[in-house]
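Okay, structure first, notes after.
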Amino acid sequence: MEQLKKMLGAALADAVARATAARGWPPVAVPEVTWEYPPEPSFGDLSTTLSFALAKQVRRSPRDVATAIQQTLDVDPALVAKVEVAGPGYLNVFVANGWWQGVLREVLGAGPSYGRASIGQGQRVQVEFVSANPTGPLHVGHGRGAALGDAVANLLEAVGYGVEREYYINDAGSQMRLLGESVWARHLEAKGKPVQFPENGYHGEYVRELAERVSAVVPGLADAEAEQAIPACAAQASQILLGEIEADLRAFGVVFDSWVSERSLYDSGEVEAALATLRAGGYLYEEGKAIGFRASDFGDEKDRILIRSSGEPTYFTSDIAYHANKIRRGFHRLINIWGADHGGYIPRVKAAIRALDHDPEILRVILLQMVKVLRSGAPVPMSKRTGEFVELREVVNEVGKDAARFLFLTRRSEAQLDFDIEAAKRQSMDNPVFYVQYGHARACSMARKAAEAGLPGPYADADLAHLTLPEELGIMKHLAIYPEMVLHSALAHEPHRVTTHLQELAAAFHGYFTKYKDSEERVISGDRDLSRARLAMVAAVRQVIANGLALLGVSAPERM
RNA sequence: GCGCCUGUAGCUCAGUGGAGAGAGCAACUGCCUUCUAAGCAGUGGGCCGGGCGUUCGAGUCGCCCCAGGCGCACCA
């Protein structure tokens, strides 16, 4: 498609030059020709508004300009059937059937790599996502982040970037201490010792079970001093939870390349080093016993405390060291996926990156809106404070990883997501996952039927000129646009475009199938050549659905 | 009060500055002796939150309102 557009653009530029010269119009600068897909078949396959841009320069109406171009235009009839001037000056291009048919050969030739590109040129990109504190099990919101991060990573890989998936473990600081306090308190409770549960502690039921498991590993907890018991509980509990988090993610189909621990940044001296760099730059100041960073000098709305009066560093301090660490590792781009409630945090991280003398543009943060979980239309309450939330594990067990991942990726990240568990489980029209997967299964089924009928594949040598039904051309157009959809989706970090495109492709395919299945135009018919051409198209549909689902991390079943 | 995000069909949401604004669900009407009816075809349903601007052209860009969400810590 890109190639076709490029050739047409060149032909148009050439036509403009000759048309203006022939008519004695002033010479014009031809802008880059942009193409769009017209809203209606009668407007052709591609359309450009080039004449609107030129009209002013030559002081003629867009319609006159368009007509002049159209009359002068010289294009290969193998590519273009006709060009029309329409409306106030659109140039509508009707692409030749042969060109669309050629797309099928491209798909079948490229196979799993159809849609891949090399624009990334191997540049290294890091995608950091999930990064949930190891203070509890992953919930549905984390699942959305996991699906998004993994899909963004897949997309970037598909267009030629070297991608690393990273999980940042917040295993230092006050949340860890709270976890330790909560676990210890539950243990003491279990031992019948009266305790006051920490005010902001973790109230979830899982903490009781955690306390049991921790006490099995750490002896003598009940009689220990708080200063020994709490860190021990925190360390053991977070290790157990981290193991569960990793297992849950694996079950969800998400595997990280690296896990970086916050504590390790302290142990290695990187936090100290980052502070020293900022101090040397004169970007730190004292406020009482606390130490702050002049973030407002770098675009943040206010200055930020790095070291509390108590001497404890804030979360931000290690995060500065963490981002310095990422940049040091040589990535060309850093992508962070955060919950929308961390949006206000972006300017201060960018300020820190700038203060450390790096370009803050290296960092791109994708903010993810909340997931509202429903069950048969009724909201399921979620609150980390009270420990009531729907765990990712439950959802994966109940609806499966495919449905969960696909549905998480049907919305833009900025849009809040309603996730209805009952609807996700339903294997019906409510459920776009099954619709798309069914398209794949149906194509596989047709290939099996064809083999039984003595028409086995491959079909790469079929005479594709037979494919001229409007539905067939429609399907081929979807296949043709797939690569640029992947490219846009990758560069914009928007996997939802993939789910949308796959639904459209599946709809075109299901519609085609049903319309002709009982007619003379059915795919597998008495006409051998025609059948093989159609089977080639079916094979291409199967391939593109499989490729698209792979980007989303969703399986493409051969039978359903 | 300030900042970011979001307002599109009854519901959930798509929609690269371009031509009667789309899909799924829900409602209604049809279609199974034949490649999977987990499907398909059709009908109804819209001041694209409001206003002003930029532009030949605005759901899309800018400004101002209105409504909702999230932030505005020596929490993360």
Side-chain angles (χ1 to χ4, degrees), chain A residues 34-40 42-43 47-49 52-53 55-56 61-62 86-90 92 131 133 135 170 173-176 178 200 287-292 301-302 304-316 319 339-347 367 369-370 374 377 410-420 423 426-432 434-435 437-439 441-450 452-453 484-485 488 492 496-497 499-501 503-504 506-507 509-519 522-525 531 534-535 538 559-560:
Chain A
T34 56
W35 294 101
E36 61 194 78
Y37 300 106
E40 208 194 296
S42 68
F43 296 155
S47 120
T48 180
T49 53
F52 293 86
K56 242 181 293 179
S61 73
Y90 298 99
N92 291 340
S131 298
N133 292 352
T135 54
N170 294 125
S174 55
Q175 297 305 312
M176 275 291 101
L178 265 181
N200 299 314
E287 190 171 308
K289 286 183 179 170
I291 296 172
E301 59 184 19
K302 56 178 81 163
R304 307 292 175 179
I305 296 296
L306 296 183
I307 308 289
R308 287 174 267 222
S309 305
S310 64
E312 288 275 306
T314 62
Y315 172 83
F316 182 41
D319 222 22
D341 54 340
H342 289 57
Y345 197 77
I346 297 170
L367 293 180
Q369 284 294 336
M370 300 294 129
L374 310 172
T410 53
R411 305 276 183 267
R412 286 151 54 231
S413 58
E414 306 86 34
Q416 190 179 303
L417 174 74
D418 282 10
F419 187 92
D420 193 312
R426 220 172 298 151
Q427 307 196 348
S428 73
M429 313 238 321
D430 301 26
N431 201 335
F434 287 89
Y435 188 77
Q437 287 184 318
Y438 182 44
R442 173 169 266 171
C444 290
S445 163
M446 291 168 82
R448 287 192 296 269
K449 275 283 188 312
E452 287 168 22
E484 68 185 42
M485 182 281 299
H488 288 148
H496 77 273
R497 295 173 184 239
T499 56
T500 304
H501 187 268
Q503 290 180 74
E504 287 171 359
F509 182 54
H510 288 311
Y512 168 71
F513 175 88
T514 310
K515 176 164 182 180
Y516 295 114
K517 67 189 181 107
D518 299 331
S519 80
R522 71 206 300 277
V523 169
I524 301 170
S525 68
S531 297
R534 287 181 172 153
L535 287 163
V538 171
R559 284 188 163 81
M560 290 176 78

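The structure presented is a predicted model; accordingly, all values stated were derived computationally and were not measured. Numbers restart at 1 for each chain; the letters A, B, ... are given by sequence-line order, proteins then strands.
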Tell me the interatomic distance from [X], atom [atom1], to [N], atom [atom2], rounded to whole angstroms.
X        : N      : atom1 : atom2 : answer
A:His488 : B:rG15 : NE2   : C1'   : 14 Å
A:Met370 : B:rU12 : CE    : P     : 18 Å
A:Lys56  : B:rU54 : NZ    : P     : 14 Å
A:Phe434 : B:rG24 : CZ    : C1'   : 16 Å
A:Glu452 : B:rU34 : CD    : P     : 16 Å
A:Tyr512 : B:rA41 : OH    : P     : 14 Å
A:Ile346 : B:rC70 : CD1   : P     : 17 Å
A:Phe513 : B:rA41 : CZ    : P     : 13 Å

Short question: side chain of A:Ser531, backbone of A:Ser525 - any donor-acceptor pair under 3.5 Å? yes

Near-ring test A:Phe513/A:Phe509, centroid separation under 6.0 angstrom: no

Measuring to OP1 and OP2 of B:rG39, would you say a side-chain N or O of A:Arg442 lies under 4.0 angstrom away? no

OP1 or OP2 of B:rC35 less than 4.0 angstrom from a side-chain nitrogen or oxygen of A:Arg534, does that happen here? no

Euclidean distance for [atom1], [N] against [M] (whole angstrom):
N      : M      : atom1 : value
B:rG51 : B:rG59 : P     : 12 Å
B:rU60 : B:rG7  : C1'   : 14 Å
B:rC64 : B:rC25 : C1'   : 37 Å
B:rG17 : B:rC48 : C1'   : 15 Å
B:rG39 : B:rG22 : P     : 24 Å
B:rC52 : B:rA9  : C1'   : 27 Å
B:rG10 : B:rU16 : C1'   : 30 Å
B:rU54 : B:rA58 : C1'   : 10 Å

At under 4.0 Å between heavy atoms, what does [X] touch on the DNA or RNA strands: base, sugar-phosphate, or nothing?
X        : result
A:Thr500 : sugar-phosphate
A:Ala441 : base
A:Lys517 : base

If you take all heavy atoms of [X] and [Y], which pair is closest and at what distance?
X        : Y        : answer
A:Pro88  : A:Pro62  : O-CB, 3.5 Å
A:Gln503 : A:Tyr435 : O-CE2, 3.7 Å
A:Val523 : A:Leu535 : CG1-CD2, 3.9 Å
A:Arg522 : A:Lys517 : NE-O, 3.1 Å
A:Ala423 : A:Asn431 : O-ND2, 3.6 Å
A:Arg497 : A:Ala492 : NH2-CB, 4.3 Å

The reported gap from CZ in A:Arg442 to CE in A:Met560 (rounded to nearest 0.5 angstrom) is 11.0 Å

Syn/anti state for B:rG10 [syn: chi within 90° of 0]: anti

If the glycosidic angle is within 90 degrees of 0 it's syn, otherwise anti, so just tell me which one B:rC13 is. anti

Taking the side chain as everything from C-beta on, heavy atoms only, tell me whether [X] gets closer than 4.5 Å to [Y].
X        : Y        : value
A:Leu417 : A:Gln369 : no
A:Leu374 : A:Phe419 : no
A:Glu414 : A:Leu367 : no
A:Arg411 : A:Asp418 : no

Check the orientation of A:Tyr345 and A:Tyr315. Use parallel for under 30°, tilted for 30 to 60°, and perpendicular for over 60°. tilted

Of the candidates B:rA14, B:rG39, B:rG69, the side chain of A:Thr514 sits closest to B:rG39

Closest to the A:Arg411 side chain: B:rU12, B:rU6, B:rG69? B:rU12

Could you pick out which residue, A:Asp418 or A:Met446, lies toward the 5' side of RNA chain B when each is mapped onto its nearest nucleotide? A:Asp418

What protein N or O atoms touch nucleotides 17-23 of chain B N or O atoms at under 3.5 angstrom, if any, and at what distances?
unit_1 : atom_1 : unit_2  : atom_2 : d
B:rG18 : O2'    : A:Tyr90 : OH     : 2.1
B:rG18 : N7     : A:Thr49 : OG1    : 3.4
B:rA19 : O4'    : A:Tyr90 : OH     : 3.2
B:rA19 : N6     : A:Ser47 : OG     : 3.0
B:rA19 : N6     : A:Asn92 : OD1    : 2.6
B:rA19 : N1     : A:Asn92 : OD1    : 3.3
B:rA19 : N1     : A:Asn92 : ND2    : 3.0
B:rG20 : N1     : A:Glu40 : OE1    : 2.4
B:rG20 : N2     : A:Glu40 : OE1    : 2.8

Between protein and nucleotides 71-76 of chain B, map the contacts as a letter string: B base, S sugar-phosphate only, - none, heavy atoms under 4.0 Å, written 5' to 3'. SSSBSB

Dot-bracket for RNA chain B, 5' to 3', Watson-Crick and G-U pairs with both distances under 3.5 Å, [ ] for crossing pairs, | for partner on another strand, reads (((((((..((((....[...)))).(((((.......))))).....(((((..]....))))))))))))....

